[in-house]
Each structure stands twice: as structure tokens, then as C-alpha cells.
2 protein chains.
Amino acid sequence: MATGSRKATLHDVAKCAHVSVASVSNYLNDYPYMRPSTRERIQKAIDELGYVTNQQARNLRSGRTGLISLSLPDLNQIYFAELAEETIKQAREYGYRVIIESTGNDRQREIDSARAMASNMTDGLILSPTQLRTEDIPELEGDYPLVMLGERLFGAPAPHVVMANETAAQAATEHLLKAGCRTIAVVGGTLDDSVPSSRSMRTKGYVNALVDRGQSVRSELIRETGEWTSAEGAQAVRNMYAQGIRPDGIFALNDLLAMGVISQLREMRVRIPESVRVVGFDDIDEAKYTIPSLTTVDPGRATIAKLAIESILSQLKNGARAPRSRIDVAFQLKYRASSPQV
Amino acid sequence: MATGSRKATLHDVAKCAHVSVASVSNYLNDYPYMRPSTRERIQKAIDELGYVTNQQARNLRSGRTGLISLSLPDLNQIYFAELAEETIKQAREYGYRVIIESTGNDRQREIDSARAMASNMTDGLILSPTQLRTEDIPELEGDYPLVMLGERLFGAPAPHVVMANETAAQAATEHLLKAGCRTIAVVGGTLDDSVPSSRSMRTKGYVNALVDRGQSVRSELIRETGEWTSAEGAQAVRNMYAQGIRPDGIFALNDLLAMGVISQLREMRVRIPESVRVVGFDDIDEAKYTIPSLTTVDPGRATIAKLAIESILSQLKNGARAPRSRIDVAFQLKYRASSPQV
DNA sequence: GTGAAAGCGCTAACAC
DNA sequence: GTGTTAGCGCTTTCAC
């Protein structure tokens, strides 16, 4: 490596190796038809000058950046942090890097994520909105690669990768039913389905499972909560018991709620799973470490990330936005100690 | 917005507005000396053509990208996810976006993060390594803006923003002492300080506090753990009690451990804080929601992110890497129910 | 105040 | 096989 005063360019390398810039460029891009001796001279010059390709110039020329935008509500929510981690990992497999936008559940920032795509800074956008409304769909028009995530804006003009909220919740509930539970509470649930959301979809799955078994849906077993935190999960259990409700199964709509549920039940000396089975949703890392460890729904985070990245790259290859479509991701029930498989 | 066949360029706008490209460029960059009528014509043309500046071209010309790399071990670790969130937020304040590299505690990937800087893709690097060794320091030479984070590689040729692991741990322990605790266990601690780490620094702080009070350090109160998970925290408490050790204060070296500690104590009907006070470290979001809520050390995550970003930007402005330096960030004890202020 | 022109460093035709 | 050249879309002197 040279005592670089200024950064070496293709031009410098060409001069140093006594070849043309085209040859150097070819060399860098693995052009096959090239005399070995030329190759060597070029490589030597590169080493000597400590040359590194300037990505920006390459980007301008090629129209690609090797960057993908991932727009999420909030990395403080474990689910999204873990999704981001998976997405970064997947992108790296293909030589891509990820810019993360955190929108903080702000509609304008969600729109801005889309608008930023017009400036060519990244090769594609993976967007997980929570506030966008149907009227915002025009903001998503464009020819850049786009993949939608989450429960909103199914009308968006792009592929939409969705987790199986409803069927997974149904399977979780069926598991409890099959294990003999007859009084299954759903913590975090709601019967309000005016706005599609994880909350409403998962509750619907729960209801479906009961109905399929000919069981009645008891509204006192549907425990609404505010935020999905462990404190709310614990509170929900306390309230339920205070009202004399004694479930033998609890389906918490995410793992944090489930952690609160477990902690409260243990506090109350309720045995898990002997007296009450507990099932969560998301399969966050901590679910393995609760006591007892948490049976939960793995919504296929890794698959979601993989499909999203692959769709972006295939749209990029085709040079066109893929049409609106829906890609359902398989879920998996992870059986752990809080409700073993029967 | 026009029925853009192809994306409009500066050139197109210039032609449409009957001015030169220079004027359009000036307009876009808020050049003050410009006839209002010209301004208007240009703006009209921009609207008409739906022109958006091409960032890549601007980047090539200006040598800047508006991107900062943040290289972290793992977004699945809540602390890092929350740090990333803060960093993204701070960067946005200055009009910057963040590329997140997740190195998975892999030394080669940590090195790659640094090497990637040579290609001009981002304007600076915030690096939080866990595996880099002193011999890797040469990899960090360069004139690009760099900020180091964490407990390693203090010899690196760049500013190093560090949290007050030792003094914060000392303060946390002093708080317990002041509250009357006489048998304070440290969960996650270690007396091995051969490798500098959060673990060893925080333990050292704990020891300092005891020594300052003239108390002896009892090795059976230093409870080593494997990973810092809540399961390990709970296990540590069980082991301790099984050995007949009855602490009246527990300092857990991070919040996940503390959550396990709390959950196990409640299980055992030990009253918090009456019988045992519990203090954690990190102030993750969940710490507010444990039951009882967790007294913990806020290591100044927001400040760390802010200082890191600001240092990157100031290095950028100065056109040179800032010299090696150490920037200590103030911590704050967050008093909550698990150990109220005395 | 505004315009002409020279690149930033690279890639991709196309010529030889 | 290798070289020449024309830009990618923008910013920035420097004339006028």
C-alpha cells in the first residue's frame, strides 16, 4: 500500500500498470478474456497504490447501490429488532447492506420512507407500516422494488409478505384445546376488528378454534390490554382472578404478555402447565429462557426476511416492480415447558 | 408531476425552465442571489416534471453520502437494539441515515466493517467491537470519521465513547449500601479481569463500593453466570439460596438477569424490596414493566448515540479523523420499586 | 444574476 | 485481448 497522498483511482492504476482503464475495470469485474500477465500487472498496481474502488462512482454508473431500506416502526420492540437482525443477515448473503428507518409509528415518516426511494439512494424498500391509510397507497406507486410487511395496506401495489396471524393463533388455541383446556383466556385480545391488526387477527384465530370445536366464545375470557408489555400481561391475570375467573389455558398474543402472565401465575402459586397452560406468540429470544420456558408461535421471522430480500432482488433483476400479491409465511408452534405437546 | 417516461434530470428541468443547469443547481442549494422570477420558473418546472435529485450523482460529486455505518454485535440483544434506535434517531436530526452492520461477535466481520469504509460508501463508522484485538488496531487506521464504542480497543486511533460501567456499578452498589443492605450479591459478576468487559468493569465497581465502606468482598456473593439471560438470573438466585446464602441486596449486571432474579424471588415469596432490594443495569424498556418495577442504571444510551453521531459529523466537517480520546458518558440511577431511593 | 464547461470515478459500447 | 471514448447527474469555478 502506497503512502497515498490522495486516493488512487482506476486511472492511476491503469497508468501504473501500463494498461487502459477499461482493462482495469474489466479485471475488477472478472472479465474472463484477459492475458494472465496483464492480470498480474494490474493486481500488482492495485496493491502498490492501495487502490479501492469508489462505490459512489460505481453506483452512479450502474444505477445500483447495494443498499436496501428497511422501514420499521420501532427497534425497541423486540420483534422488530429481531426481524431487522434477520433481514440484515439475509441481505448480507446476497452482498447487500441495509439502511434501517425507524418510523416511530409516525404516518408522515412512513410516507417519507417511500418518498425517499425516488432519490435512488437504495435499491429497494421493505416497508412495515402501522399508520398508513388506504388513501396513502398512491405514495407507494413507483417502479422501484418494494415489499410490504405487516397487516396493513393489502391494497398496495407490491408483494406483501404476511405472517399467518390468524391460522397460527388458531393452531395455538387448538393445541390448548387438544391438551384438554376448556377455559382458555386470550390475553391482549379484542373483539374489535374494525382495524386489521395483529391483535384482531390473532383474536380471530382464537375464536375460530373455539367455534370449530363447538365451544362458545366467552367475552370475559378475552382480556384486552394496553401496550403489549409483561406488566400488562401480569395485570390481566390479576384482574381475571380477582373476578373469579379461573382459566386452565392462557393464550397471550405476544411473548412479552406471556412473560407477565407466567410471572404472575408463578407468584400466585399456580402451576404451569399442570393447572394452567400458557402459550405466547412471536418466539422472541427470551421465550427460551422464561421459567418455565414458553411454548409459543414462531411466525417465521427468518422466512419473512428471506422472502422479502429475495423479492426485492428479483424485482431488481427484472427491472420492474412486482405486481400486488400476497405471500403467506408458514408458522411453527414451538413446544416448550409452559405447554408441552400432547 | 409529469407522465415521466424516464426520470427527469437537472438538465431537463433547466431546459423546461429556460435556464442553465447551474441555476437549477443553485436554486436547489438555496443560492441566495437569484431573481425571484427565475426561482419561480424553476420551481414550476420541477413540479411539472416531478423532478427529484439523484442522490448518487450528488454523492459522487460531493464525496458525501449522508450515510453513517453502525456496526454492532447483535440486534437481538436488547441493549444494542435500543442503542441502534437512538442512533438512528440522532442521525435523523442531522439529516443522516444509518446502515446497520450486525457482526454476530465475529472478528472478521468486525474487521470487514472497518475495511468497507475504504470504499466511500458511508461518511463515517461507529464501531462497537467485541472480538477485535490489539493487533487489529492497524485495520482502523484511516482518515474517515470513526467513533469507537464499548470496552475494547481503547488504543484505537479515534474518539472512544464509553459508558461509566465501573462508577455506575459502584453507585448502584452504594445505593444498596446506603439503603442498609449488608449482604449484597452481584449476579453475573466475575473476579476475572484478564479481559476488559462490561462484566469485569461492573464487578469492579461493585467491589470498589464495598471496599470504600470497609466491607469485605465475599466471593460467595459474586455469582458468575453464562449468558446474561433471565433464566441465568433466576438460576443464580436458586443456587445462592440452595447454598444457604441470604442476600438483602442483589445487584444484577444487566436488566435481563435482574428480571430473572425478581421473578425467582417472587416465586420464593421473598419480598422486594422489603427483604431483598434488586438493582439492574441498562434501563431497557422492559425495566419499567417488571413487577415490581426495576431500579436500574441508565447508562446514558441516548447520550452515547448523540455524542457518537456528533463526533462523526464534526470529524466530517474538519475533514479529518479526530485523534484518540476517551469520552465518558454520565450515567443515572433510575429509582423504581425494586429498590426505592433512600 | 446567470451560463458554459470541466470534471467526480466508474462502466459499457465499440473499435482495433 | 486491449484501448478509446462517451457519458451516469450533479456541483462548482469562472466568465460575462
Side-chain angles (χ1 to χ4, degrees), chain A residues 4-46 49-67 117-123 144 319, chain B residues 4-43 45-46 49-66 117-123 144 319:
Chain A
S5 49
R6 169 186 65 92
K7 244 168 203 166
T9 70
L10 246 202
H11 208 85
D12 302 329
V13 175
K15 209 179 323 179
C16 175
H18 302 290
V19 295
S20 72
V21 288
S23 292
V24 182
S25 177
N26 281 337
Y27 174 73
L28 292 172
N29 295 291
D30 295 320
Y31 184 69
Y33 311 111
M34 194 170 246
R35 196 169 294 154
S37 65
T38 314
R39 268 182 217 289
E40 278 165 30
R41 280 216 312 291
I42 295 175
Q43 182 55 56
K44 187 152 157 269
I46 288 176
L49 299 171
Y51 168 81
V52 186
T53 75
N54 180 327
Q55 275 302 333
Q56 311 204 48
R58 181 176 278 181
N59 291 346
L60 174 58
R61 216 20 257 241
S62 66
R64 300 277 175 88
T65 59
L67 257 29
M117 291 308 298
S119 68
N120 281 15
M121 261 305 288
T122 64
D123 291 347
Y144 59 86
Chain B
S5 49
R6 169 184 67 91
K7 246 169 202 165
T9 71
L10 248 202
H11 208 85
D12 302 328
V13 175
K15 211 180 321 181
C16 175
H18 301 292
V19 295
S20 72
V21 288
S23 292
V24 182
S25 177
N26 280 337
Y27 174 74
L28 292 172
N29 294 292
D30 294 318
Y31 185 68
Y33 311 111
M34 195 170 247
R35 196 169 295 156
S37 65
T38 315
R39 269 182 217 289
E40 278 164 29
R41 281 219 310 291
I42 294 175
Q43 182 56 55
I46 287 176
L49 298 171
Y51 168 81
V52 186
T53 74
N54 179 327
Q55 275 303 330
Q56 310 203 48
R58 181 175 277 182
N59 291 347
L60 174 58
R61 215 22 253 244
S62 66
R64 299 276 174 86
T65 58
M117 289 308 298
S119 68
N120 280 16
M121 260 305 286
T122 63
D123 291 347
Y144 59 86

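Protein chains get the first letters and strands the later ones, always in sequence-line order, with residue 1 at the start of each. The structure displayed is predicted, hence computed values, not measured ones. Values below: every heavy atom of this structure, side chains too, minus hydrogens, waters and symmetry copies.
Note: A/Gln55 CD to A/Ser62 OG = 8.0 Å, rounded to the nearest 0.5 Å.
Remark: P of D/dG7 and CG of A/Leu60 are 14 Å apart, rounded to the nearest angstrom. Following rounding to the nearest Å, B/Glu40 (CD) and C/dG1 (C1') show an atom-to-atom distance of 15 Å. Separating the CD atom of B/Gln55 from the C1' atom of D/dG9 is a distance of 11 Å, rounded to the nearest angstrom. Atom pair A/Lys15:NZ and D/dT4:P shows a separation of 13 Å (rounding to whole Å applied). Rounded to an integer number of Å, the gap from OH of A/Tyr27 to P of C/dC10 is 15 Å. Atom CD in A/Gln56 sits about 15 Å away from atom C1' in C/dG7, given to the nearest Å. One interatomic measurement links the two molecules: CZ of B/Arg41 to C1' of C/dG1, which rounds to 12 Å at whole-angstrom precision. Remark: P of C/dG9 and CZ of A/Arg64 are 24 Å apart, rounded to the nearest angstrom.
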Take nucleotides 11-16 of chain C nucleotide by nucleotide from the 5' end and write B, S or -, depending on whether a protein heavy atom sits under 4.0 Å from the base, only from the sugar-phosphate, or from neither. BB----

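By the 4.5 Å heavy-atom criterion applied to side chains, A/Val19 and A/Val13 are not counted as neighbours.
Minimum interatomic distance between B/Tyr27 and B/Ile46 (heavy atoms only, all atoms of both residues): CE2-CD1, 3.8 Å. When every heavy atom of A/Leu60 is checked against every heavy atom of B/Gln56, the shortest pair comes out as N-OE1, 3.6 Å.
No side-chain N or O of A/Asn54 forms a donor-acceptor pair with one of A/Lys7 less than 3.5 Å apart. Side-chain atoms of A/Asp123 and A/Thr65 form a donor-acceptor pair, as typed in the model, at a separation below 3.5 Å.
Checked against D/dG9, C/dG1, D/dT2, the side chain of B/Thr9 finds its nearest nucleotide in D/dG9.
Distances shorter than 4.0 Å separate none of the side-chain N or O atoms of A/Ser23 from OP1 or OP2 on D/dT2. The side chain of B/Thr53 places no N or O atom within less than 4.0 Å of a non-bridging phosphate oxygen (OP1 or OP2) of D/dG9.
Panel note: side chain B/Arg41, backbone B/Ala17; a donor-acceptor pair is recorded below 3.5 Å.
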